[in-house]
Amino acid sequence: MTANEFIKKVFFIEILKGLALTLRHFFTPSVTRQYPTEKREPFPGSRGLHALVRDPETGREKCVGCGLCAAMCPSQCIHIYTSEDDDHKKVVDRYEVEVLRCVYCAFCVEACPYGAIVLTDHFEYSGYSREELYYTKDRLLHNWDKYMANSKGREYLEKFWRPKSEDFGVPAAGHHQAEGKKAT
Ligand code: SF4
Ligand code: SF4
């Protein structure tokens, strides 16, 4: 053992250094957030609880029951049940999401041609049973009213989830013919 090492051992130099470091930290501002009293605003476009978009004109869901979202969902946690009304229009009887199985990939949002399903930025939810986290159509519409009210939902869709169905307009008949002629 060298003289330097001996002196360090006798006077507990390393321990004193450690204590000095601890003491210094008593006087530096804390970086820990005291959740839930201190909260940070959710990052724009973050993926939280699901919601079904409510059509402001009809007051009903915008969803037409095409099933694309369910087909794309890697967790197979979207269940859609439809029927036909007297005018032979498809009616969405049930639209349900098993939130506990969701992996928040947002493929459902991306796949939907009508911008009818979204992931809200609400992430603070829990439950004591599976049923509490099984979201039915009414509960999903309620999520829209609660977390995406007013212009928030529309801005969210415009900003993060374009293009939508209106971006894929059917070409004019003349355009079709011209293309056909070109091909022959
Ligand atoms: S976010 Fe992904 S896993 Fe969750 S419901 Fe949508 S497609 Fe399914
Ligand atoms: S893709 Fe959109 S319109 Fe089609 S069933 Fe899903 S939410 Fe409804």
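Order of listing sets the numbers, starting from 1, for every ligand and every atom in it.
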Exercise for review: Give the atoms of ligand 1, by number and element, whose distance to some non-hydrogen atom of Cys77 is under 4.0 Å.
Suggested key: 5 (S), 8 (Fe)
Review point. Would you say the side-chain atoms of Asp121 and Ser46 include a donor-acceptor pair closer than 3.5 Å?
Key: no
Review point. Around atom 6 (Fe) of ligand 2, what protein N, O or S atoms are found below 2.8 Å?
Key: Cys69 SG
Point to revise | Option nearest atom 8 (Fe) of ligand 1 (shortest heavy-atom distance, choices Ala71, Cys73, Cys102) | key: Cys73
Review point. Got a second to check how far Leu16's CG is from Phe11's CZ, nearest 0.5 Å?
Key: 10.5 Å
Review point. So do the side chains of His50 and Val99 get within less than 4.5 Å of each other, counting heavy atoms only?
Key: yes
Check your understanding: Should you measure from each heavy atom of His50, which atoms of ligand 1 turn up under 4.0 Å away?
Key -> 4 (Fe), 5 (S)
**Study point:** Given Tyr104, Tyr147, Phe123, the one that forms side chain to side chain contact (heavy atoms under 4.5 Å, CB included) with Leu49
**Key:** Tyr147
Exercise for review: Provide the number and element of each atom of ligand 1 under 4.0 Å from a heavy atom of Ala106.
Suggested key: 1 (S), 2 (Fe)
Check your understanding: Which of the atoms in ligand 1, numbered in the order shown and given with their element, are less than 4.0 Å from a heavy-atom of Val103?
Key -> 3 (S), 4 (Fe)
Point to revise | Inter-residue atom distance Met148.CE - Leu52.CG, 0.5 Å rounding | key: 12.0 Å
**Study point:** Numbering as shown, the atoms of ligand 1 that approach Tyr104 to under 4.0 Å (heavy-atom distance)
**Key:** 1 (S), 4 (Fe)
Check your understanding: Between the side chains of Glu61 and Tyr114, is a donor N or O closer than 3.5 angstrom to an acceptor N or O?
Key -> no
